[in-house]
Amino acid sequence: MLSNKRIQELELVMEFEKVEQCFKEVSSWIENVGRKRLKDTVNLDDSLEMLLQAQKHFKEFDLVASEHCRRGQEALKKMNQWEDFSFVDVHSYRVKLQTYEDQLEEFCTQLDETRHRVCETVRLYEFFDKVRQGICCTEEGVKS
């Protein structure tokens, strides 16, 4: 039984090393690219044209960021099997895994919030642009 327990621990450690490599790649991308790009979308431009351009760039970034989030979430699912084991030896791995999970969850939440904010801002600017055009047409009609 002790031998089986050790074999299971070793298998989990080997699996964790694979997952950890994936998380290191995702984590590095989040820290070096993802967070900076999200900060760039904090101040959206004042014109509808510039905002639409910013939305287009954000959508391109969003595709890449979503792929990194997906990869990280898939890696987490692989490690769900750890919940079935109560080995004391795997505690340090669980702590690392929780750190990665927290970072991924925070970034994915920020990405979702930014996606929603950009979309809503574009909709608002489009609405105001239509209102402005309607006012201009009404003013021209009154002058005629």
Side-chain angles (χ1 to χ4, degrees), residues 1-140:
M1 284 177 50
L2 186 59
S3 175
N4 285 344
K5 180 180 173 183
R6 286 292 179 201
I7 289 171
Q8 288 177 330
E9 286 178 355
L10 288 173
E11 287 172 349
L12 285 173
V13 168
M14 288 172 29
E15 181 67 23
F16 180 81
E17 288 175 358
K18 291 178 192 173
V19 170
E20 186 175 34
Q21 182 58 38
C22 175
F23 269 117
K24 283 181 179 180
E25 291 170 13
V26 170
S27 178
S28 175
W29 185 88
I30 287 172
E31 292 303 318
N32 297 322
V33 178
R35 291 194 194 284
K36 291 175 184 175
R37 291 288 303 271
L38 282 179
K39 285 180 184 178
D40 290 346
T41 59
V42 169
N43 298 322
L44 296 172
D45 292 311
D46 292 338
S47 72
L48 180 58
E49 182 181 321
M50 296 298 287
L51 186 58
L52 289 172
Q53 186 176 9
Q55 182 185 37
K56 179 184 175 211
H57 291 300
F58 178 78
K59 283 182 178 182
E60 293 167 0
F61 162 74
D62 188 26
L63 288 173
V64 175
S66 294
E67 176 62 22
H68 281 85
C69 288
R70 185 193 60 74
R71 284 182 56 216
Q73 290 164 347
E74 284 179 5
L76 280 174
K77 285 180 187 176
K78 288 180 183 177
M79 298 315 297
N80 283 340
Q81 65 182 337
W82 283 42
E83 299 302 320
D84 299 337
F85 297 96
S86 58
F87 305 135
V88 175
D89 296 6
V90 298
H91 176 72
S92 64
Y93 295 105
R94 285 186 179 160
V95 170
K96 284 183 180 181
L97 193 60
Q98 185 63 50
T99 301
Y100 289 132
E101 185 175 12
D102 292 345
Q103 179 194 33
L104 181 65
E105 185 178 320
E106 177 190 355
F107 178 77
C108 292
T109 299
Q110 289 175 346
L111 182 64
D112 289 341
E113 289 171 354
T114 303
R115 184 184 308 116
H116 178 74
R117 184 174 52 81
V118 168
C119 181
E120 289 301 309
T121 303
V122 167
R123 287 181 53 207
L124 184 63
Y125 271 71
E126 287 173 337
F127 172 76
F128 284 130
D129 194 51
K130 287 178 184 178
V131 169
R132 184 183 55 77
Q133 288 175 3
I135 291 171
C136 289
C137 291
T138 303
E139 287 176 355
E140 286 178 13

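The two residues Val26 and Gly72 come nearest to each other via the heavy atoms CG2-N, 4.2 Å. Here the shortest heavy-atom pairing between Arg115 and Asp62 reads NE-OD2, 2.7 Å. Between Phe107 and Arg35 the shortest heavy-atom distance is CE1-N, 3.9 Å. Minimum heavy-atom separation, Leu104 to Cys69: CD1-CA, 3.9 Å. Closest non-hydrogen pair, Phe61 versus Gly34, comes out as CZ-O, 3.7 Å.
Note on ring orientation: taking the six-membered ring where Trp is involved, the planes of His68 and Trp29 are parallel (angle under 30°, cut-offs 30° and 60°).
Atom CG of Leu124 is separated from atom CD of Glu120 by 8.5 Å, given to the nearest 0.5 angstrom. Between the SG atom of Cys119 and the CZ atom of Arg117 there is a distance of 12.0 Å, given to the nearest 0.5 Å.
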After noting the C-alpha distance and the side-chain angles of Arg123 and Glu126, does the key distance pass the salt bridge (Lys or Arg N to Asp or Glu O under 4.0 Å) rule?
-> CA-CA 5 Å; Arg123 287 181 53 207; Glu126 287 173 337; over 6 Å; no

Give the intermediate values and the outcome of side-chain contact (heavy atoms from CB on, under 4.5 Å) for residues Lys18 and Glu15.
-> CA-CA 5 Å; Lys18 291 178 192 173; Glu15 181 67 23; 4.3 Å; yes

Criterion side-chain contact (heavy atoms from CB on, under 4.5 Å) on Leu76 and Tyr100, from CA distance to verdict = CA-CA 9 Å; Leu76 280 174; Tyr100 289 132; 5.6 Å; no

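For Asn4, the side chain to side chain donor-acceptor pair (under 3.5 Å) criterion is met by no residue, not counting sequence neighbours. Scored by the side-chain contact (heavy atoms from CB on, under 4.5 Å) test, Ile7 finds Ser3, Glu11 as partners (sequence neighbours excluded). For Asp129, the side chain to side chain donor-acceptor pair (under 3.5 Å) test picks out Arg132, Gln133, with sequence neighbours left out. Residues satisfying the side-chain contact (heavy atoms from CB on, under 4.5 Å) test with Thr99, not counting sequence neighbours, are none. Listed by chain and number, the residues in a salt bridge (Lys or Arg N to Asp or Glu O under 4.0 Å) with Glu105 amount to none (sequence neighbours excluded). Contacts of Ser28 classified as side chain to side chain donor-acceptor pair (under 3.5 Å), with partners at least two apart in sequence or in another chain: Asn32. Under the salt bridge (Lys or Arg N to Asp or Glu O under 4.0 Å) criterion, Glu25 pairs with Arg71, not counting sequence neighbours. Contacts of Arg70 classified as salt bridge (Lys or Arg N to Asp or Glu O under 4.0 Å), with partners at least two apart in sequence or in another chain: Glu67, Glu74. A search for salt bridge (Lys or Arg N to Asp or Glu O under 4.0 Å) contacts involving Arg37 returns nothing, not counting sequence neighbours. Here Tyr125 pairs with nothing under the ring pair (Phe, Tyr, Trp, His ring centres under 6.0 Å) rule; sequence neighbours left out. With sequence neighbours left out, the side chain to side chain donor-acceptor pair (under 3.5 Å) criterion links Ser27 to Gln103.
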What donor-acceptor contacts under 3.5 angstrom involve side-chain atoms of residues 50-58, with partners at least two apart or in another chain?
none

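Around atom CD of Glu49, no more than 12 heavy atoms belonging to other residues, nucleotides or ligands sit under 6.0 Å away.
Proximity of Ile30 to Phe23: side-chain heavy atoms (C-beta onward) are nowhere separated by under 4.5 Å. Taking the side chain as every heavy atom from C-beta outward, Lys59 and Val118 never approach each other to under 4.5 Å.
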